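Let me begin by presenting the structure, written as structure tokens, before commenting on it.
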Amino acid sequence: MYTQALDTHGREPVPAAEGAGPAARFQARIDADEKIEPKDWMPEAYRQTLIRQISQHAHSEIVGMLPEGNWITRAPTLRRKAVLIAKVQDEGGHGMYLYSAAETLGVSRAQLIEQLLSGAAKYSSIFNYPTLTWADVGAIGWLVDGAAIMNQIPICRCSYGPYARAMVRICKEESFHQRQGFEIMLTLAQGSAAQHAMAQDALNRWWWPSIMMFGPSDGDSRHTAQSMAWKIKRFSNDELRQKFIDVTVPQAQFLGLTIPDPRLRWDEATQHFQIGPIDWSEFYAVLKGNGPCNRERLEARRAADAAGAWVREAAAAYAAKHGGRAPAGASHG
Amino acid sequence: MSAGAAAPARRERALSEALFRYVLRLADTSLVLGQRLGEWVGHGPALEEDLALANLALDLIGQARLLLTYAGEVEGEGRDEDALAFSRDAPEFLNLTLAEQPNGDFAHTIVRQWLIDCWQLEIYADLAASADERLAAIAAKALKETRYHHRFSSGWLARLGDGTAESRSRTQAALDSLWRFSAELFAADEVDERMAAAGIAAPLAPAAERWRIRAAADLQAATLALPAPQPYPWHGKRGVHTEHLGHLLGEMQHLQRAYPGVRW
Ligand SMILES: [Fe+2]
Ligand SMILES: [Fe+2]
């Protein structure tokens, strides 16, 4: 994913007194669907909102490599192994484009990563759940990447040019991931009884966290109105969540799997699937750091960063000695 | 079958058995090294290196798939890439002992990678001219990938060797530790001799000489010292491994072993 209600956390940006002239012109450009580019004037609150949202999105891609990476060494066939490595690699690439997009707003990747490692920055809560079986890799592709697509397609039209352009590229890959995940689920659901049970168990564990990826209900969500006016956000959390449910429930039926919600029903009047109540206490527990894998995820990122420090220092020392030139024949910097 | 036809048929069978083992050695080396690199994904020293290590893993697993598929066809008993990857136990794996060594720190991973990249550069370059067209085609593709891998590993060898005091001592230590497995890379046995006699693979001695020259040049660029020879005869390519391989396979083969005979 993986923007969610990432924008629900953190401080409300306070519009500063920046003069009515530029602010009015800025809003007029947004209203005319013009893209805002890095060198353009923008309100400080707009900049801060974007930095927070884009960096949380980038962190989510990076932390999101961990739960699926957990199955790379155990993928059941060589084809599945290759596809999974490529998928996790894509997520890392998404993180890179997004850090670059955030850097156009005047922060450095190093600063942002420091915020992630210190625990100050948030990332999508979904990655604080464990991948316990191979079916979880399928469920993540199908549900988590599926939810990501719902969230991210509108961001392709975001008012901030670099974010919108990064998202176009990312969305193409996410939909590929979603299809691959669904295909894993289909193979399992049509496989042996044990495989079918593995798929059902994964759906049982990933359904509600996926539903919560869209963030709190509209009544409880901060920022939405301002983000909508700035065209950073185009649909409310509940609208996106409903879209996801309407697309996903028939897919589960096609798989022959049962959505773990006894109150789920088709509503003739609204022409939507209606779900039972969401347990928001779980969402907030995970968001506050008490989910099943919050500690492991941050520790894994910190351990990689600490173990890599001498490598990064060596690269910098080599570059300083050799006038910034890469080693002879080395293409990689 | 007449008595006169028996001897050529026997020779044919012996050649095909040797070819099967030869292809498995290449395949298993790529597979086991790719599996090791897969352990890095998500844990690299920086995002760029994470993605580069994933690329290497993907290439190596891709090579392994082509080679295992071919090995299965040469064997003629209906085993596909997955049957060979997931249903053989350690003594049936014929990878170079070096490939199965644990990742260790980034310096160990780079030194291991660099040693094997230098080996694959020579082996694939020769095989690209093989009388066996299938192997020649696989080697030509793999050679292109290996050139990139070698640029990555020799580039990092130089950065680490000629970087800080810490990176230098870590990298020299990795080199001193892994160098002992390098003697196996070009130690020819009856399988290699049969392949050379049939024009399938080139003799190993000239490749070994080119490897030595390249390795020395890369080490010099990295300001690292060539370790002394440590001539214990490792036999990974004959199926005699270090303790590490069994654990690697236990993890890799877990699902296929726990749920035999199903589709994934
Ligand atoms: Fe992604
Ligand atoms: Fe994805």
Side-chain angles (χ1 to χ4, degrees), chain A residues 62-63 65-66 68-70 72-82 84-86 88-89 91-93 95-96 99 109 113 133-134 184 187-188 190-192 194-195 198 300-301 303-305 307-319 321-322 326-333, chain B residues 31 34-35 37-39 41-52 54-55 57-58 61-62 64-65 68 81-82 85-86 105-107 148 150-152 154-164 166-168 170-171 218 221-222 248 251-256 258-259 261-264:
Chain A
I62 301 306
V63 177
M65 297 170 79
L66 297 171
E68 288 185 284
N70 182 38
I72 287 175
T73 57
R74 292 175 292 168
T77 68
L78 295 183
R79 182 175 79 89
R80 295 285 187 208
K81 188 188 293 291
L84 181 57
I85 292 172
V88 176
Q89 188 188 36
E91 307 300 5
M96 290 225 294
Y99 283 127
R109 196 214 285 187
I113 288 179
T133 71
W134 170 249
I184 290 175
T187 305
L188 294 174
Q190 296 178 341
S192 68
Q195 286 176 304
M198 192 189 277
R301 289 313 316 156
D305 186 73
W310 69 268
V311 178
R312 298 188 300 272
E313 284 159 18
Y318 182 94
K321 272 187 224 179
H322 295 267
S331 62
H332 202 268
Chain B
L31 175 58
Q35 173 76 2
L37 292 171
E39 296 171 16
V41 179
H43 306 277
L47 205 38
E48 284 78 1
E49 279 58 61
D50 219 314
L51 302 189
N55 256 336
L58 276 173
I61 287 163
R65 295 181 65 191
L68 285 174
E81 59 180 52
D82 290 324
F86 294 98
D105 64 5
F106 190 66
Y148 165 78
H150 176 258
R151 278 203 297 277
F152 174 80
S154 64
W156 270 106
L157 194 75
R159 281 190 199 89
L160 298 180
D162 195 14
T164 62
E166 179 181 8
S167 69
R168 178 191 184 71
R170 281 177 182 265
T171 309
D218 285 353
L248 178 146
E251 186 171 346
M252 184 175 91
Q253 298 176 338
H254 149 71
L255 277 172
Q256 293 261 2
Y259 304 89
V262 299
R263 276 189 57 235
W264 294 97

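So you know, we letter chains A, B, ... as the sequences are listed, proteins then strands, and number each from 1. As the structure is a prediction and not an experimental result, all values here were calculated from the model.
Minimum interatomic distance between D218(B) and S154(B) (heavy atoms only, all atoms of both residues): OD2-CB, 3.8 Å. Here the closest heavy-atom approach between residue G44(B) and residue A304(A) is recorded as O-CB, 3.9 Å. Contact detail for Y259(B) and A194(A): the closest heavy-atom pair is CE2-CB, 3.9 Å. For the pair L31(B) and A85(B), the tightest heavy-atom approach, listed with the atom from each and the gap, is CD2-CB, 3.8 Å.
Counting heavy atoms from C-beta on, the side chains of E49(B) and V311(A) never come closer than 4.5 Å. Counting heavy atoms from C-beta outward, L84(A) and E68(A) have side chains that approach closer than 4.5 Å.
With a threshold of 4.5 angstrom between heavy atoms, R301(A) approaches chain B through side-chain atoms but not through N, CA, C or O. For R80(A), the part lying near chain B is the side chain, with the backbone staying farther off; criterion is any non-hydrogen pair under 4.5 Å. In this structure, chain B has a heavy atom under 4.5 Å from the side chain of Q195(A), while its backbone stays farther away. Proximity to chain B is limited to the backbone of A75(A), based on heavy atoms less than 4.5 angstrom apart. Interface residue F106(B): backbone and side-chain heavy atoms are both found under 4.5 Å from chain A. Contact of N55(B) with chain A is made through backbone and side chain together, with heavy-atom distances under 4.5 Å. Residue contact with chain A, scored on non-hydrogen atoms closer than 4.5 Å, involves the side chain of I61(B) exclusively. When heavy atoms are compared at a cutoff of 4.5 Å, A82(A) approaches chain B by way of both its backbone and its side chain. For a residue to count as touching a neighbouring chain, one of its non-hydrogen atoms must lie under 4.5 Å from one of that chain's; by this rule L248(B) does not touch chain A. When heavy atoms are compared at a cutoff of 4.5 Å, L188(A) approaches chain B solely by way of its side chain, counted from C-beta outward. Only the side chain of I62(A) comes within contact range of chain B, with at least one heavy atom under 4.5 Å from a heavy atom of that chain.
Ranking M252(B), Q256(B), Q35(B) against chain A, the residue ahead of the rest is Q35(B), based on heavy-atom pairs under 4.5 Å. Taking chain B as the reference chain and counting heavy-atom pairs below 4.5 Å, the highest number among V88(A), L78(A), T133(A) is found for L78(A). Highest contact tally toward chain A, considering only R168(B), H43(B), H150(B), is held by H43(B) [criterion: heavy-atom pairs under 4.5 Å]. Contacts with chain B were tallied for G95(A), A309(A), G69(A), A86(A); A86(A) has the most, counting heavy-atom pairs under 4.5 Å. Ranking E81(B), Q253(B), E166(B) against chain A, the residue ahead of the rest is E166(B), based on heavy-atom pairs under 4.5 Å. Interface check for chain B: of the options I72(A), T73(A), T187(A), the most heavy-atom pairs under 4.5 Å are formed by T73(A).
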Would you sort out whether E313(A) and T164(B) count as a side chain to side chain donor-acceptor pair (under 3.5 Å), showing the intermediate values? CA-CA 7 Å; E313(A) 284 159 18; T164(B) 62; 5.5 Å; no
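Residues passing the side-chain contact (heavy atoms from CB on, under 4.5 Å) test with A107(B) are W310(A), D105(B), L160(B), R170(B), T171(B), A174(B), sequence neighbours excluded. With sequence neighbours excluded, the residues that form a side-chain contact (heavy atoms from CB on, under 4.5 Å) with R109(A) are M96(A), Y99(A), E103(A), I113(A), L47(B), E48(B).
A side-chain donor-acceptor contact under 3.5 Å links K321(A) to the backbone of D162(B).
Ion pairing between a basic and an acidic side chain is recognised when a charged N comes within 4.0 Å of a carboxylate O; D305(A) and R312(A) show such pairing.
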